[in-house]
Q: 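Below is one structure. I have some questions about it.
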Protein chains: 4
Amino acid sequence: MALRLGLDVVTLETDWRHGADPLAIGQVLENDREHKIKAVGAVHSETSTSCMTDIGAVRDAMNRARHPALLMVDAISSLGCADYRHDEWQVDVSIAGSQKGLMVPPGLSFTAISDKALAAARTGGSRRSYWDWEPLVTSNKTGFFPYTPAINLLYALNEALDILAEEGLPTVFARHNRYAQATRTAVAAWGLELQCADPAAYAPGVTAIRTPEGHSADNLRNVILDRFNMSLGNGLGRIEDRVFRIGHMGDLGILSLTGTLTGVEMGLRAAGIPHREGGVQAAMNFLAQSNA
Amino acid sequence: MALRLGLDVVTLETDWRHGADPLAIGQVLENDREHKIKAVGAVHSETSTSCMTDIGAVRDAMNRARHPALLMVDAISSLGCADYRHDEWQVDVSIAGSQKGLMVPPGLSFTAISDKALAAARTGGSRRSYWDWEPLVTSNKTGFFPYTPAINLLYALNEALDILAEEGLPTVFARHNRYAQATRTAVAAWGLELQCADPAAYAPGVTAIRTPEGHSADNLRNVILDRFNMSLGNGLGRIEDRVFRIGHMGDLGILSLTGTLTGVEMGLRAAGIPHREGGVQAAMNFLAQSNA
Amino acid sequence: MALRLGLDVVTLETDWRHGADPLAIGQVLENDREHKIKAVGAVHSETSTSCMTDIGAVRDAMNRARHPALLMVDAISSLGCADYRHDEWQVDVSIAGSQKGLMVPPGLSFTAISDKALAAARTGGSRRSYWDWEPLVTSNKTGFFPYTPAINLLYALNEALDILAEEGLPTVFARHNRYAQATRTAVAAWGLELQCADPAAYAPGVTAIRTPEGHSADNLRNVILDRFNMSLGNGLGRIEDRVFRIGHMGDLGILSLTGTLTGVEMGLRAAGIPHREGGVQAAMNFLAQSNA
Amino acid sequence: MALRLGLDVVTLETDWRHGADPLAIGQVLENDREHKIKAVGAVHSETSTSCMTDIGAVRDAMNRARHPALLMVDAISSLGCADYRHDEWQVDVSIAGSQKGLMVPPGLSFTAISDKALAAARTGGSRRSYWDWEPLVTSNKTGFFPYTPAINLLYALNEALDILAEEGLPTVFARHNRYAQATRTAVAAWGLELQCADPAAYAPGVTAIRTPEGHSADNLRNVILDRFNMSLGNGLGRIEDRVFRIGHMGDLGILSLTGTLTGVEMGLRAAGIPHREGGVQAAMNFLAQSNA
């Protein structure tokens with residue numbers, strides 16, 4: 001894990017195949033004797049790589065370093081897919097979006113804020129208006145918004161929360177884990193490689209898969225879209241064109257998952273990606289043995 | 001093919017594994033020298049058995065017998081799935097529904113009527129009001145209905161016809177045939193038997209599959225509904241509990257078909273129905289080789 | 001009230017400005033010593049004339065005549081708008097539709113049947129299939145239908161019944177009565193005449209209004225549709241072009257009613273129908289004084 | 001018009017009953033010899049006061065002063081209601097929202113940017129990410145967004161633009177003006193006062209109305225919401241509780257407007273606000289004489 005220092009940002013580099021390293025974070029904080037670092041930012045479930053970061057362990061490392069930085073977490077593609085503990089992990093700012101595990105059309109985002117972060121916002125930072133938390137916090141107390149909200153999406157959110165509550169979060173999380181495991185079983189049978197190299201960091205909501213060296217992931221995605229009318233996620237940044245993603249979060253039935261896997265297996269063949277047959281069969285066998 | 005005679009109905013019995021036999025129909029009509037038979041009724045695509053009847057051949061047999069009976073055809077599950085020629089086959093009354101190949105919610109039915117049938121309705125039959133064609137024919141000329149129609153469904157129908165026209169009927173029929181063939185490929189790989197015993201009569205929109213002797217088809221359907229949230233059609237009448245149906249008509253993408261097949265294959269295993277693995281794999285291989 | 005005798009139908013003629021006359025019905029039944037009359041048919045709320053018939057009084061007249069005829073009632077435009085007592089009035093067959101007081105799109109109809117009517121259906125009448133109650137009654141016991149129902153509309157019905165139950169039927173009926181009274185207040189202020197000449201028979205769900213002699217009601221309706229994008233009901237049969245209708249049933253708020261009245265008042269002016277200004281004002285004054 | 005000077009903001013105070021004064025703006029700019037002022041901000045149609053600002057005249061004043069400041073305009077409640085000329089008026093930044101004249105649910109905002117503003121953004125301002133125009137401009141060239149957009153609302157926008165194009169913008173603007181005039185006719189008949197004191201600045205999309213001294217506008221709004229299920233806009237800031245607003249923008253038919261006016265007139269009576277009867281009648285008379 002390399003260290004990159006900018007004017008005011010310390011970026012802990014990784015190989016993009018693991019989650020963020022709590023020990024490395026703790027080390028940086030311990031070295032920051034003057035407490036110049038104001039906040040630690042981490043992504044709970046990084047969509048593009050499908051790697052989870054252990055946020056509780058990050059918090060422990062911060063506590064051990066006795067560092068006052070705020071802990072800020074992007075929970076966009078994990079909220080509603082995996083267990084997330086804003087309070088228990090003493091996260092100061094958690095952000096999430098409507099269009100992933102919450103199954104609502106895109107257009108809403110959510111922010112959970114600790115008292116410590118609210119206090120920091122009152123005194124620090126640059127001039128802001130739209131981003132100012134105060135009017136939102138004040139209005140929300142009476143159930144209102146200071147500006148016109150995307151009201152139709154709030155109805156959708158209300159319904160989505162009812163759906164989640166009815167199924168029960170532990171059941172939802174177990175379903176996503178089972179689907180993720182079925183997907184990885186198919187990937188193994190195809191003889192392909194997962195982007196996430198750490199089994200402890202596998203994301204329950206999405207699985208990024210590497211195409212073999214020299215084979216374009218984006219071409220595979222285009223073939224699948226063209227022939228099977230299925231749009232898969234792409235790799236971003238340094239894994240662009242090296243990775244395709246299978247999402248298995250939110251309102252997804254088991255046959256939608258296996259149907260998705262059939263599209264991938266037929267697509268691998270159609271796009272000429274070296275692989276072994278039998279991924280769908282392996283996933284079906286796994287699902288037949290692991291009851292919901 | 002046995003013959004059952006009632007007060008005023010002649011039923012040509014079949015084994016429920018073939019379509020209606022044009023030659024047998026012609027024979028009955030030739031024997032009916034006094035023209036007591038007023039109408040010949042046939043089902044173009046019998047949903048429960050997935051057997052097609054060659055309506056053109058039925059018309060030819062009627063013509064050869066020089067019999068004046070009306071030809072009445074149930075095209076409910078074939079309209080929009082298979083080529084159907086009301087005028088060319090000189091059908092007198094064709095009936096169809098909204099909820100099959102036309103992809104509209106259930107609630108509309110359609111009747112195409114020949115001049116000969118309209119004339120017969122004017123002079124014959126019992127007293128009727130709701131079933132009287134005259135007010136409908138009169139109102140429809142100006143684009144109206146004599147009574148309040150299910151107007152929301154008419155909007156859906158309008159859209160559905162646009163969708164069909166955009167894809168083009170020959171393409172739609174070819175798609176259904178390809179899906180039917182993929183389904184039969186899976187059935188063969190599973191080692192199961194089709195209900196329809198005549199390859200020339202395979203329906204493009206639905207495939208009925210027999211469970212092995214001693215194995216309840218309805219139990220299989222319940223297991224699949226319970227575990228995989230997929231509701232399959234059942235056998236009716238004498239094939240109740242012996243048959244389950246896979247529909248592949250209407251607005252169905254290729255991955256919805258393969259997803260359906262994964263549900264059946266996992267269901268066969270879960271319900272303990274003797275079968276061989278590999279049906280989904282065989283269907284995928286077929287689909288990979290037969291481009292749309 | 002004149003009497004018209006057909007082969008098997010006795011029609012009690014009225015001036016189309018009153019409901020059916022229970023005394024006249026009783027008289028006919030008393031004269032029918034041989035009980036040739038099998039059923040008495042009446043419309044609870046006749047949409048086109050906006051006249052109610054007192055079904056309880058019809059039943060009393062039948063009972064006084066000790067006549068065994070079935071009582072059959074069309075409750076299409078009254079169900080959900082006015083109190084209706086199938087059991088208490090010993091109605092044998094009540095029919096209704098989804099698209100009036102029940103606020104559901106058109107496409108569903110409802111039939112309530114007494115044991116006496118069910119018994120009559122088992123033994124009498126002509127051959128029927130679609131109209132046969134038995135398979136429906138049998139299937140309905142388990143919550144199913146013998147044929148494919150208009151399932152989307154059943155979801156709408158479910159929601160509509162919840163809405164009615166939440167408001168409460170007495171409140172719903174009172175609301176419709178208040179709206180009807182406001183409408184009649186406007187009509188009186190305009191100096192126009194109601195089609196229904198009997199205050200005891202005013203319908204709560206719809207008000208038919210006569211245009212002055214020599215002034216086309218249909219032209220008025222066209223002007224209103226053209227200028228104000230509002231479609232009013234027309235007169236049927238002998239009151240065609242003499243009557244226009246203001247519906248005030250179902251999911252209608254008070255401002256939709258007054259907005260409707262503004263369209264009528266502006267339309268009367270635009271179409272050159274002799275009338276006095278002030279109908280909307282009178283209705284507003286009435287509504288201001290009569291709290292919901 | 002008073003002048004308030006802050007660290008870096010010059011606010012031209014008004015009585016909130018007129019639009020912004022182009023001459024006063026020009027005067028301030030001419031006094032700003034050192035060009036410390038970087039941007040002039042104005043609201044095209046101020047919702048809460050229902051006053052328009054003549055943006056073209058503001059631009060002329062800026063040009064006369066030969067001042068390089070950017071012109072930034074809030075067109076939120078005017079876009080789609082009134083003629084707006086981003087290019088012709090050389091506006092540098094125009095912002096608008098989906099939920100007013102564009103008839104789309106809230107959740108989208110729009111920004112039109114001049115090359116001059118783009119250049120300024122590249123070199124100046126504070127650090128930004130979400131507000132950075134560059135990635136949006138780059139992605140939009142290929143029809144995409146750099147982040148997940150509120151895609152459902154984009155479908156709605158597409159439809160809304162078709163609706164506007166079908167009616168034609170000049171017809172849309174004329175309709176809103178006619179509705180605004182009808183509304184002001186009612187207000188005059190009621191004997192109430194408009195918030196906007198300048199006839200040249202009347203907004204076509206919304207009309208703010210003052211309640212008489214000592215009478216709460218918010219109480220009136222509550223009475224109308226409670227009795228007539230209609231929610232009217234409120235006054236903001238210094239005109240809070242002194243003003244209520246009638247919106248007449250977007251997808252509004254003439255009878256929805258008159259229905260709204262009936263709700264206001266009945267509400268004025270119910271809330272005990274001193275007024276004269278006859279506002280609705282006056283509006284109807286106006287609408288009857290002014291054809292669409």
Side-chain angles (χ1 to χ4, degrees), chain C residues 163 166-167 171 175 178-179 182-183 185-186 189-190 220-221 223-232 246-248 250-273 275-292, chain D residues 163 166-167 171 175 178-179 182-183 185-186 189-190 220-221 223-232 246-248 250-273 275-292:
Chain C
I163 291 172
E166 196 182 324
E167 185 174 356
T171 312
R175 175 164 57 84
R178 186 176 171 230
Y179 288 3
T183 302
T185 301
W190 290 324
L220 170 65
R221 292 171 52 247
V223 166
I224 290 173
L225 178 58
D226 187 50
R227 294 223 189 170
F228 308 117
N229 197 25
M230 176 167 73
S231 173
L232 296 174
I246 298 176
H248 30 75
D251 176 29
L252 188 80
I254 192 168
L255 300 188
S256 294
L257 175 71
T258 51
T260 298
L261 296 177
T262 61
V264 173
E265 183 159 334
M266 289 190 287
L268 289 167
R269 174 174 177 158
I273 307 275
H275 73 289
R276 290 193 301 268
E277 263 187 10
V280 172
Q281 188 70 56
M284 288 197 293
N285 291 347
F286 167 80
L287 289 166
Q289 282 156 353
S290 71
N291 285 335
Chain D
I163 291 171
E166 198 183 324
E167 185 174 355
T171 312
R175 175 164 58 82
R178 187 177 171 229
Y179 288 4
T183 302
T185 302
W190 290 325
L220 170 65
R221 293 171 51 247
V223 166
I224 290 174
L225 178 58
D226 187 51
R227 293 222 190 172
F228 309 116
N229 197 25
M230 177 165 71
S231 174
L232 297 174
I246 298 177
H248 31 74
D251 176 29
L252 187 81
I254 192 168
L255 300 188
S256 294
L257 175 71
T258 51
T260 298
L261 296 177
T262 62
V264 173
E265 183 159 336
M266 289 191 287
L268 289 168
R269 176 173 176 158
I273 307 276
H275 73 289
R276 292 192 301 269
E277 264 189 8
V280 173
Q281 188 69 56
M284 288 196 295
N285 290 348
F286 167 80
L287 289 166
Q289 281 158 352
S290 72
N291 285 334

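Basis for what follows: all heavy atoms, side chains included, without hydrogens, waters or symmetry-related copies. Numbers restart at 1 for each chain; the letters A, B, ... are given by sequence-line order, proteins then strands.
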Q: Looking only at non-hydrogen atoms, find the nearest pair between C/Q281 and D/G278 and report the distance.
A: OE1-N, 3.6 Å
Q: What is the distance from atom CG of D/L287 to atom CZ of C/R227, rounded to the nearest 0.5 Å?
A: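 Rounded to the nearest 0.5 Å, the CG-CZ separation comes out at 11.0 Å.
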Q: Between CZ of D/R269 and CD of C/Q289, what distance do you get to the nearest 0.5 Å?
A: 5.0 Å
Q: Given that the side chain runs from C-beta out, which part of C/L255 has a heavy atom under 4.5 Å from chain D: side chain, backbone, both or neither?
A: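 When you check distances to chain D, atoms from both the backbone and side chain of C/L255 fall under 4.5 Å.
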Q: Nearest 0.5 Å please: distance from the CE atom of D/M284 over to the CD atom of C/E277.
A: 7.0 Å
